[in-house]
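Data first, discussion second: the structure below is written as structure tokens.
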2 protein chains.
Amino acid sequence: MGALAARYGLSRSALLYYDRIGVLSPSGRSAAGYRRYSPTDAARLARICRYRQAGLSLDVIRDLLDRPAADLTEALATRLEALNEQVRLLRRQKRHILSYLRAGRTPETSPFLTAERFVELLELAGVSAAQRTEWHAAFERSASAEHQAFLEFLCLPDSTIERIRQWAGGRAATPEEAPPAPPPAPPAAPGPAAPRTPPRPAPEP
Amino acid sequence: MGALAARYGLSRSALLYYDRIGVLSPSGRSAAGYRRYSPTDAARLARICRYRQAGLSLDVIRDLLDRPAADLTEALATRLEALNEQVRLLRRQKRHILSYLRAGRTPETSPFLTAERFVELLELAGVSAAQRTEWHAAFERSASAEHQAFLEFLCLPDSTIERIRQWAGGRAATPEEAPPAPPPAPPAAPGPAAPRTPPRPAPEP
DNA sequence: GTTGACCCGTCTACGACTTCACGGTTTGGA
DNA sequence: TCCAAACCGTGAAGTCGTAGACGGGTCAAC
């Protein structure tokens with residue numbers, strides 16, 4: 001048992017737990033009551049580990065392994081949905097933190113990736129503002145959800161994301177909700193030119 | 001009490017829990033033993049909620065509120081670290097799932113954002129392969145950690161990420177570890193030109 | 001026979017709550 | 001004045017997947 005656990009990078013207690021909840025029960029016991037895992041059991045454990053790498057819950061995994069009608073694709077799709085939601089939540093937390101940590105710093109002195117910095121890099125590579133605009137528009141047109149995700153990845157505040165997406169043509173902004181404030185320019189028409197500062201590795205994305 | 005909970009979007013049980021663990025104890029009780037929250041308590045709760053939005057644990061929050069020496073910036077930095085690690089884990093799970101869900105589909109029929117699709121969008125906007133190459137190089141040079149994060153955001157497999165980063169000049173690849181396989185072309189020198197397919201909203205990032 | 005190195009089952013702990021059960025208090029309307 | 005609904009209190013147990021501790025049994029080699 002210890003050998004099996006070690007082989008799959010699990011602890012003894014994990015295997016005990018799997019046994020207890022019926023996800024993986026050894027097919028036999030020794031005379032003294034020791035768990036005996038057959039090669040079939042090991043194969044089952046291998047599947048369990050693969051599914052757990054995808055973040056599936058042990059409940060779902062049990063269904064997948066025991067119920068012939070269970071649909072792996074559907075389970076993965078459901079998990080993907082939850083995963084996206086969770087990433088979104090974490091990113092929101094990240095934005096909260098960054099907005100505090102960045103307070104009082106200019107984007108140039110910030111050790112974090114900002115939209116401004118991202119745009120600087122594009123500038124450096126010779127991508128023009130017009131190209132960036134067109135890119136946002138194409139992104140919004142053909143993959144609006146991913147566009148949103150990408151803007152969230154840059155840790156932009158919600159209001160800025162909303163503004164960029166509207167301005168990229170995803171949905172026409174109603175005249176009433178004109179730009180509520182003059183926030184930092186959207187990443188496609190940004191601030192300074194190529195930075196003079198020497199490249200230095202940044203600690204945090 | 002119910003009113004306070006509702007005002008801050010919490011449940012009654014959450015406030016009970018906060019009281020129990022000493023994060024927020026009401027400053028008084030009514031004759032019948034009902035909790036009485038003063039405006040000071042409410043202000044404290046407001047801070048608690050803000051910190052929780054950043055994902056700080058209640059333990060840490062209690063220290064922050066009660067110990068004068070506690071350092072908010074440090075707590076947030078620590079949390080940011082954990083957050084990044086967690087996002088990395090979730091993204092790894094996502095890659096596992098996508099690699100399964102995408103199996104047997106061509107990138108064109110996949111409803112998910114792929115690196116190929118991302119590059120298509122850049123192509124559409126008129127960003128050349130040379131520009132993309134230069135962009136990767138600049139990204140790697142001046143913000144390698146963020147470059148890594150960005151490539152992970154695209155859910156590329158680790159091997160591809162490694163290859164792109166080496167090829168972008170971040171670190172010279174040792175001759176021994178030449179490309180182990182001919183995997184899909186890196187996003188900066190990708191496949192098809194602008195797609196003929198009509199834009200359609202994609203369900204998932 | 002003894003000494004380690006294994007193994008067993010059971011229990012507790014983690015975080016941030018929620019749910020349940022049972023009972024007291026307040027409040028509004030008839 | 002009475003009743004019911006809505007509120008409040010306490011306490012216990014459950015969630016999820018594991019880690020670790022405890023006390024004791026088993027096994028191999030020496």
TODO: Just grab all the side-chain hydrogen bond (donor to acceptor under 3.5 Å, both in side chains) pairs involving residues 24-34 of chain A, residues at least two apart or on different chains.
DONE: D19(A)-S25(A), S27(A)-S38(A), S27(A)-D41(A)

Considering only nitrogen or oxygen atoms on both sides, find all protein atoms under 3.5 Å from nucleotides 16-18 of chain D and state each distance.
unit_1	atom_1	unit_2	atom_2	d
dG17(D)	OP1	L58(A)	N	3.1
dT18(D)	OP2	Y18(A)	OH	2.8

Task: Rounded distance (Å) that lies between atom P of dA16(C) and atom CG of L24(B) - done: 15 Å

All N/O donor-acceptor pairs, side-chain side in residues 69-76 of chain B, below 3.5 Å, sequence neighbours left out:
unit_1	atom_1	unit_2	atom_2	d
D71(B)	OD1	T73(B)	N	3.0
D71(B)	OD1	E74(B)	N	3.3

Short heteroatom pairs, N/O only, protein and nucleotides 3-6 of chain D, under 3.5 Å:
none

TODO: Report which part of the nucleic acid R36(A) touches: base, sugar-phosphate, or nothing (heavy-atom distance under 4.0 Å, all strands).
DONE: nothing

Task: side-chain hydrogen bond (donor to acceptor under 3.5 Å, both in side chains) against Q53(B), all qualifying residues, sequence neighbours excluded - done: H96(A)

Task: Closest contact, heavy atoms only, R44(A) versus L24(A) - done: CD-CD1, 3.6 Å

Open item on the list: If I take atom OH from residue Y100(B) and atom CZ from residue R50(A), how far apart are they, to the nearest 0.5 angstrom?
Closed with: 10.0 Å

Task: Residues in side-chain hydrogen bond (donor to acceptor under 3.5 Å, both in side chains) contact with R52(B), at least two apart in sequence or another chain - done: none

TODO: Can you tell me the distance, in whole Å, between the CZ atom of R29(A) and the P atom of dT26(D)?
DONE: 14 Å

Open item on the list: For G33(A) and A32(B), find the nucleotide of DNA chain C closest to each by heavy atoms; which residue's nucleotide sits nearer the 5' end?
Closed with: G33(A)

Open item on the list: Would you compute the distance between atom CD1 of I161(A) and atom CG of L154(A) and round it to the nearest 0.5 angstrom?
Closed with: 8.5 Å

Task: Under the side-chain contact (heavy atoms from CB on, under 4.5 Å) test, residues paired with V87(B) that sit two or more places apart - done: L90(A), R91(B)

- [ ] Apply ring pair (Phe, Tyr, Trp, His ring centres under 6.0 Å) to F118(B) and list each qualifying residue two or more places apart in sequence or on a separate chain.
- [x] W135(A), F139(A), F150(A), F150(B)

- [ ] In whole angstrom, give the distance that lies between atom CG of D19(B) and atom C1' of dG11(D).
- [x] 14 Å

Task: Side-chain heavy-atom pair Y18(B), L45(B) within 4.5 angstrom cut-off - done: yes

Open item on the list: According to side-chain hydrogen bond (donor to acceptor under 3.5 Å, both in side chains), who are the partners of Y51(B), at least two apart in sequence or on a separate chain?
Closed with: R47(B)

Task: Approximate separation, where rounding is to 0.5 Å, of Q93(B) CD and L56(A) CG - done: 8.5 Å

- [ ] To the nearest Å, give me how far apart OH (Y37(B)) and C1' (dC7(D)) are.
- [x] 14 Å

TODO: Applying side-chain contact (heavy atoms from CB on, under 4.5 Å), name anything that partners A138(A), two or more places apart in sequence or on another chain.
DONE: E134(A), R141(A), L121(B), L124(B)

Task: Involving DNA chain C, stems made of at least three consecutive Watson-Crick or G-U pairs, both distances under 3.5 Å - done: C:1-30 with D:1-30

Nucleotide N/O of nucleotides 1-7 of chain C paired with protein N/O under 3.5 Å:
unit_1	atom_1	unit_2	atom_2	d
dC7(C)	OP1	G2(A)	N	3.4

Open item on the list: Could you tell me how far apart L16(B) (CG) and dC22(C) (C1') are, to the nearest whole angstrom?
Closed with: 15 Å

